[in-house]
Each structure stands twice: as C-alpha cells, then as structure tokens.
Participant: 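One structure, as structure tokens, below. Some questions next.
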Amino acid sequence: MSHKDLSFDTRAIHVGEGAEFLEGSKNEVVAPIYLSSTYARKEVKNPGFYQYSRSQNPTRFALEERYASLEGTTYGLGFASGLAAEATILFALLKPGDHVIGFDDLYGGTKRLFHQWEEKYGITVSLVDAAVPKNVEDAILPQTKLIWLESPSNPLLKVCDIKAIANIAHKHQLLVIVDNTFLSPYFQKPAALGADIVVHSITKYIAGHSDVIGGAIMLNDKSLYDKIKFCQNSLGVVPSPFDCYLVLRGLKTLSMRMEKHQSNALAVATYLENHPKVARVYFPGLKSHPQYEIGLRQASGFGGMISFEVVGGEKEAVQFLESLKLFTLAESLGGVESLIEHPALMTHSSITAKERELAGIKDSLIRVSIGVEDQKDLIADLEQAFGMI
Ligand SMILES: Cc1ncc(COP(=O)(O)O)c(C=O)c1O
C-alpha cells in the first residue's frame, strides 16, 4: 500500500519506520538511533551511498520521509533548529541586493536574523501587515525575491490568506515561505495553499514534549530542494540522530495532542474574553478574531496559542505571571505542559522597543501555550493569579 493512501494519523505513526525502513533492517518496529558519524567503505574508489553522517544518516532520513508525508510535499529536510532551517533558506536563496517581504508579526528571532542579513549581507527587508494581502503586493520591488509569512503569527496570532498571497507572489515570480510552526501540518498544509517552502520550528508542537530543539523544511520543487539540501550539508546544520528519534516518537501522538491543545485553548480563550481584568484576547478560534473566517477556510483548526492583554501595563502583567502556580513561566511553546511568557521582556526582546510598538506588542501582552492538562485546573490557576493583580 502506498503511504499516500493512508490517513494523517496512520502516516504519523508508520512512515519512515517499520520493516521497509532500511536496507539490512532486522524488522525493527522503532527506527534505530544510528550514532556512527562515519561509514566504512570496502574499496577506496567506491564510497557507497552512506559516507558521513552529516550527509547521510538513516535515522534522519526516516524522519525526513515522515516530514514530507505529513506536510503533503515531495521532500522533507531536518535541521538542528527552526532558526537553522530559516538561515539555510536565506543562505541558499538570497544574494546581496535582494529584497524580502515579511509579515510584521513574525517571531522575534526571525526578525533578528533578517536584521543580521541586512547589516552584513546587503539584503533589504520590508515588514508589512500581511493580514491585508494588498499590503504585500504594494511592497513588491523589482529586486524582491521572497515573501515570508507565519499564520497564525507570533505573538499576535494574526492570520493571513496564504492562497491569496501565493497568487500575488507567483504573478511576480516570487517565492512564498510559510512558517507553519503554530498549527503544525495536522491543522494546516501551506504547500497545498500555494506556499513554495514550508518551514517549522520542530522544537514546538511537532516534537511536542519540550525536550528537543529542531527545525524542518518541506517543499515540492526539485531545484529548490537541491539548493537547500546542498546548504544543509555544507553548513552542517543537521539534527542529531537522538533528536531525530525523539521527534519520530513525538510525532506519533501529534493529532491527539493538537486536538487537546485546541479544545483546551478554546475553553481558556472564552474564559479570558469574559474576564474583567483582560483588556483584549487574541485567539484565531474566537468569532471576534478579525481573520476568523480566513482561518476557518484555510486550516482545519486554530491551534493552542493564545495571547491577551491584562488591564494595566507591565507591572500588572509581571505580577500576574509571577503569581501562576501551574503554568510554567518559560519561553517556547507547543509542549504538553502549559507555558506562559511576556513577549516584550522575553521572546520578542531581541527586537527594538520601536519595532514592538509598531507591531502592536504592548507591555501588557501575555502569550500562552496551552498544554494538554485538564482545562479546569488551567482556568483555576489563571483565576487565582488574576486575584493577585
Ligand atoms: C514561529 C517560530 N518560528 C521559528 C522559531 C525558531 O525555532 P527554534 O527555536 O527551534 O530555532 C520559533 C521559536 O520560538 C517560532 O516560534
């Protein structure tokens, strides 16, 4: 049976592992962790396929096959982190003088990477509110090469119309990159909506247990794949075999985790929306979200990320965060445990205060990654912390 005939949940468990996994397999049910950094050759002039683990590693190959299968693309590539994957795209596809258009609410580390490339390698970047596709079209210059999106974005959970922007991009021969970290391929498949390259921080929902740093790129075009794969090897930004094993393992429960993250998030977002100490809630699954309809059309779910503003400012936000007992005050997201943070002081502190103001990231803003605990316990913890401000 071809993998393509199997449903998402089945592929998340089987693709890449099992008897057909590897030449010389001993019918392992779980992919072995191949730690060897190098491979012996029988003849000097005949290296064979497996030569050196940065270039070929069977555990990584198993994972890359699964990445492609779940994202619905021809190719998948594994990286040492989400930012390693992003930097590899820039390295593989840009040259001095090129221009990039990015969503104004991208993850802070992505913006920091763009700034480094502006300063050191002579590219220019325009950040626009891509929730309005015309803003993207208006920003196109003769030297534009890439359009870089997240949907929903980080931390304001803005949704952009991926198909509409891909149509604009392709009319101008531009490439569209979509960071699909927040929804995972379980809820959204940007390549099917027209994205040329899908990028992930695997660290988040895909690995799912806050114990791996990883990244991935999924795509269909052979020539783009060849360029990026060449740089994956030449830069050496590969994940370790042990991390690949952990991700293969984490992926087996992706669909169940995503459903629970989402149902918990909807309950918490509804609770927050009705709370007198909350000024505003950002969650794409609420009907009050400005791009609710677009989210509904292009994804099969809204995910488990919520941001909200407390009434007051930094003082109230910090007091609230430090009063929580069950939510862990930590950066990152997408793990089974609920994590909470202050974007202006934590994840997005690498961008300037001016940029944060322009992007609408206020000092009263809090970002929550809703875990898979019991929602009653989560809401009780939020309630007691609101009582402290
Ligand atoms: C949306 C998004 N993309 C990329 C990254 C970077 O990934 P990593 O931390 O795995 O390098 C992050 C990290 O928080 C993220 O939230």
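Start at 1 and go down the list; that is how both ligands and their atoms are numbered. When a residue number appears, it is its place in the shown sequence, counting from 1. Note that the coordinates shown come from a computational prediction; the quantities given were computed from them, not determined experimentally.
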Participant: Check each atom of ligand 1 against the heavy atoms of G214 and keep those under 4.0 Å away; list them by number with element.
Facilitator: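 By the 4.0 Å cutoff, the relevant atoms are 10 (O).
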Participant: Do E314 and H342 pair up side chain to side chain, a donor and an acceptor below 3.5 Å, judged on atom types alone?
Facilitator: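 Checked: E314/H342 side chains show no N/O donor-acceptor pair below 3.5 Å.
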Participant: Take T181 and D179 through the side chain to side chain donor-acceptor pair (under 3.5 Å) test and state the conclusion after the steps.
Facilitator: CA-CA 6 Å; T181 300; D179 183 331; 2.5 Å; yes
Participant: Identify the closest protein heavy atom to atom 10 (O) of ligand 1: which residue and atom is it, and at what distance?
Facilitator: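 Nearest protein contact, heavy atoms only, for atom 10 (O) of ligand 1 is T203 OG1, 2.6 Å.
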Participant: Could you please spell out the steps behind the side-chain contact (heavy atoms from CB on, under 4.5 Å) verdict for F283 and L157?
Facilitator: CA-CA 6 Å; F283 179 60; L157 286 311; 5.7 Å; no
Participant: Between I213 and ligand 1, does any nitrogen or oxygen pair lie at a separation below 3.5 Å?
Facilitator: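 No, there is no polar N/O contact under 3.5 Å.
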Participant: Among protein heavy atoms, which lies nearest atom 6 (C) of ligand 1, and at what distance?
Facilitator: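 Heavy-atom neighbour on the protein nearest atom 6 (C) of ligand 1: Y107 CE2, 3.5 Å.
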Participant: What protein heavy atom lies closest to atom 16 (O) of ligand 1? Include the residue and the distance to one decimal.
Facilitator: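 Looking only at protein heavy atoms, the one closest to atom 16 (O) of ligand 1 is N154 ND2, 3.1 Å.
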Participant: How far is atom 7 (O) of ligand 1 from its nearest protein heavy atom, and which residue and atom is that?
Facilitator: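 So the nearest neighbour among protein heavy atoms is S201 OG, 3.0 Å.
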Participant: Using the ring-ring contact (aromatic ring centres under 6.0 Å, His included) rule, take F302 and F187 through it: C-alpha gap first, then chi angles, then the decisive distance, then the call.
Facilitator: CA-CA 7 Å; F302 304 105; F187 282 140; 8.2 Å; no
Participant: Under 3.5 Å, is there a donor-acceptor pair between the T73 and N220 side chains?
Facilitator: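 Checked: T73/N220 side chains show no N/O donor-acceptor pair below 3.5 Å.
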Participant: Side chain or backbone, does T110 bring an N or O within less than 3.5 Å of an N or O on ligand 1?
Facilitator: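 No, there is no polar N/O contact under 3.5 Å.
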Participant: For atom 3 (N) of ligand 1, grab the closest protein heavy atom and report residue, atom and distance to one decimal in Å.
Facilitator: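 Result for atom 3 (N) of ligand 1: D179 OD2, 2.6 Å.
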Participant: Considering non-hydrogen atoms only, spot the tightest contact between R66 and L251 and give its length.
Facilitator: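 In this case the closest contact between R66 and L251 is CD-CD1, 3.7 Å.
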Participant: Would you check the N or O atoms of A84, main chain and side chain alike, for any that come under 3.5 Å of an N or O of ligand 1?
Facilitator: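 No - when backbone and side-chain N and O of A84 are compared with those of ligand 1, no distance drops under 3.5 Å.
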Participant: Any side-chain donor-acceptor pair under 3.5 Å between S288 and E273?
Facilitator: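 Side chains of S288 and E273: pair found under 3.5 Å.
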Participant: Using a strict cut-off of 4.0 Å, indicate which atoms of ligand 1 neighbour a heavy atom of E86.
Facilitator: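 Counting atoms of ligand 1 from 1, those under 4.0 Å from E86 are 3 (N), 4 (C).
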Participant: For a quick check under 3.5 Å, do Q188 and S151 share a side-chain donor-acceptor pair by atom type?
Facilitator: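 No, no side-chain donor-acceptor pair sits under 3.5 Å.
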Participant: Counting only heavy atoms from other residues, nucleotides and ligands, does the tally under 6.0 Å from CZ of R54 exceed 12?
Facilitator: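 For R54, atom CZ is crowded (more than 12 foreign heavy atoms under 6.0 Å).
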Participant: Of the protein's non-hydrogen atoms, which lies at the shortest distance from atom 11 (O) of ligand 1, and what is that distance?
Facilitator: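 It is L83 N, 2.9 Å.
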Participant: Give yes if a backbone or side-chain nitrogen or oxygen of K204 is under 3.5 Å from a nitrogen or oxygen of ligand 1, and no if not.
Facilitator: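 Between K204 and ligand 1 (N or O atoms, distance only) the closest approach is under 3.5 Å.
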Participant: Does E150, backbone or side chain, put an N or O under 3.5 Å from an N or O of ligand 1?
Facilitator: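 Between E150 and ligand 1, no N or O pair is found under 3.5 Å apart.
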